[in-house]
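Take a look at the structure below.
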Amino acid sequence: MEFKLEAHRIVSISLGKIYNSRVQRGGIKLHKNLLVSLVLRSARQVYLSDPCPGLYLAGPAGIPAPPPQQQPGEPAAGPPAGWGEPPPPAARASWPDTEPQPERPSVSHAPRVGDEVPVTTVTGVGDVLQGGEADATEAAWSRVERSRQAAAREAEGPAGGWGVFPEGSLAARRPCGCPLGGEDPPGTPATTPRTACCCAPRPAEDEPPAPPAVCPRKRGAAGVGGGPAGCPAPGSTPLKKPRRNLEQPPSGGEDDDAEEMETGNVANLISIFGSSFSGLLRKSPGGGREEEEGEESGPEAAEPGQICCDKPVLRDMNPWSTAIVAF
Amino acid sequence: LKCTEKYICCLSFQSKSDIISTVEFNHTGELLATGDKGGRVVIFQREQESKNQVHRRGEYNVYSTFQSHEPEFDYLKSLEIEEKINKIRWLPQQNAAYFLLSTNDKTVKLWKVSERDKRPEGYNLKDEEGRLRDPATITTLRVPVLRPMDLMVEATPRRVFANAHTYHINSISVNSDYETYMSADDLRINLWNFEITNQSFNIVDIKPANMEELTEVITAAEFHPHHCNTFVYSSSKGTIRLCDMRASALCDRHTKFFEEPEDPSNRSFFSEIISSISDVKFSHSGRYIMTRDYLTVKVWDLNMENRPIETYQVHDYLRSKLCSLYENDCIFDKFECVWNGSDSVIMTGSYNNFFRMFDRNTKRDVTLEASRENSKPRAILKPRKVCVGGKRRKDEISVDSLDFSKKILHTAWHPSENIIAVAATNNLYIFQDKVN
């Protein structure tokens, strides 16, 4: 448990560093961000592999929460299984290569990874943590998150209705019963564009400040077919989706949202970053990615956009920024 | 050369505002250049030893100060480019003027530093203030003559090598052919000719086709001191590659690959960070390379790739504090390391304004402190000790009392004498060994 808490703390700190690197003078430092991402990956693995049942319990009877969450073939409530794997390339591919604003949420993969991981993690975390078990970490988490809120709000501007969402989207991401979500076993490049997961992120409902949906922003040029609004990745919640896809309300009451969002975000953010480390996790380049062509242009396109902020950093940025902006 | 020799302070210079970011002696040791975060370069010159005071060796005084780089803004990428001087490297002196390369994150500049102690007087077409004369008023012609003037040291930018790096430049190194030099950023190394500024050759490119596959970056690079075809570069993964430019135009395949297997018992969240090499330096002999990572300094024999021949612990007591150091960003500090002139002693910095010297022959080491209190002129540096546990003795300092904001990242050693320059934040200290 201590490992998990420490890992959680390290994840928080790391995310904070990545965020801050965006605003520091001189541009994003590739070396430092790479190192931080390595730490993040290690912490994530520990976090997910630490078999601490407490954090996975949905709350009451320790039954994995929201029943429908598990996708067919999804690993059961066990943690790491799905997490340790790199998310399908498609998910990543959905990340905006050409989008100028990093705030665009590009956590397309998040939902699916989140799907794999027992949603319980998402929902349960909040519940459990409310129990005070991880108050410390939650507090640390909130602290870190709040510090980002301010910046996030500013960044929200251009993103308009799109941006932001960390909590909202994250919470929204709880695995919906949507068959689209999480169908692909981890690590499998998604070969078929998925129609947007119609599982409305709960946030769709509690919209107000933060437009919910972490929708991997529309693919843009890469445009994966399918999915309303061109929502790219499987299981990802299209940006604009939230409003429309209110099919699977997250389990748990609205009032749980707040707490859940805060703590559940950890797990979700971990999953977010999981995808961005696919390069670190995989030895060989992934194949079969539909958006590859769009993706290829990414690095180069990304280059001019932000000095020294290439893919891995960009990847980290986007979902992160969405997370942050949402606050 | 024994590192247990006593050192005394002969200069303490405080920059007006900025943190010193690089320190470098020239090839004779006559000049010492410092660069700072504000883009300024300050050059010190050693005064000639006076015959009257033979027991006092030459001291260093400010020789020239100039603004090398200014902050820039890349409008295309909406990014500010810092003016901080990352590295300065001297060219060997070939005439009366001195030449040095200074670089910030993006642009390398060649500066000429020259003295002017005469000025021409007696122009026909201009008056003494430089105003043009009406030709109609000129009735006689004279030949301008050079008259002595107060010594003036002027620095002029002779070349600007720009727009060749997408990522942040971390190293520059002058080749032993004195015609070329290289500049390295996180993913690429470029080879330049001093005379040509509008193009450079890319000799190393480790950028993956898909940036998501990125797992390591280049952290430092240096040419071999004698073989103009050979250079090394270090990576964030703790490896060093030696490349031969004769092998191919693009040195993507190394000639030698130096890596020490990781000790699994030391594994932690931060293992990767602390194994990242922050500096690599060839010995003067060219036989060895020295690398600095967060906790150690290692000496490698070019002929043995599978492990270093020597490993020195700089501040191993920090190993248990890595998480805190990660939080306060100290774990990302990039310490440099230097050889002395005979390659028998190596030096590197630490925290609390401490710096360490290791004598490779006697295996003795010493910790010294560069601080205002300890550095009154001619004060002798006292060895310091960090108490790692148990009872702290009187003069020791406990690990928890270390000031991590006082870090010595940059040091330099005179090429032939026991004179060292130590940069402590915005202070520069020059110490030399005590004579008799």
B/Ser236 side, atom OG; A/Lys32 side, atom NZ - distance, nearest 0.5 Å = 15.0 Å
remark   = Looking only at heavy atoms, the pair that brings B/Leu214 and A/Leu34 closest together is O-CD1, 3.8 Å
note = Rounded to the nearest 0.5 Å, the CG atom of A/Leu30 sits from the NZ atom of B/Lys207 at a distance of 10.0 Å
message = Keeping B/His168 on the side-chain end and A/Gly26 on the backbone end, is there a donor-acceptor pair under 3.5 Å?
response = yes
query = So does B/Phe332 have more than 12 non-hydrogen atoms from other groups sitting under 6.0 Å from CZ?
reply = yes
remark   = Interatomic distance, NZ@B/Lys84 vs CZ@A/Arg25, rounded to 0.5 Å, equals 10.5 Å
task = Report the residues that fulfil side-chain contact (heavy atoms from CB on, under 4.5 Å) with B/Phe73, sequence neighbours left out, ordered by chain and then residue number.
result = B/Tyr75, B/Glu80
key: Closest heavy-atom pair and its distance - A/Gly27, B/Leu79   = CA-CD2, 3.7 Å
message = Is the shortest side-chain heavy-atom distance between B/Phe269 and A/Glu6 below 4.5 Å?
response = yes
request  = Sort B/Ser276 into side chain, backbone, both or neither according to what part of it lies under 4.5 angstrom from a heavy atom of chain A.
outcome  = side chain
query = By a 4.5 Å heavy-atom criterion (distance strictly below it), what part of B/Lys237 contacts chain A: side chain, backbone, both, or neither?
reply = neither
task = Would you mind checking which part of B/Ser268 comes under 4.5 Å of any heavy atom in chain A, side chain (CB onward), backbone (N, CA, C, O), both or neither?
result = neither
inquiry  = Going by the rule ring-ring contact (aromatic ring centres under 6.0 Å, His included), which residues pair with B/Phe270 if we only count those two or more places apart in sequence or in a different chain?
reply    = B/Tyr326
task = Measure across B/Glu272 and A/Arg41 and return the closest heavy-atom pair with its distance rounded to 0.1 Å.
result = OE2-NH2, 3.1 Å
ask   = Measuring heavy-atom distances to chain A, does B/Asp329 have an atom under 4.5 Å in its side chain, in its backbone, in both, or in neither?
value = both
ask   = Can you name the nearest heavy-atom pair linking A/Lys17 to B/Glu327, along with the distance?
value = NZ-O, 3.1 Å
inquiry  = Atom CZ of residue position B/Arg253 - does it have more than 12 heavy atoms of other residues, nucleotides or ligands inside 6.0 Å?
reply    = no
key: Minimum heavy-atom distance between A/Val39 and B/Ile273, given as atom pair plus value   = CG2-CD1, 3.3 Å
query = Could you give the distance from CD1 (A/Ile13) to CG (B/Asn328), rounded to the nearest 0.5 Å?
reply = 10.0 Å
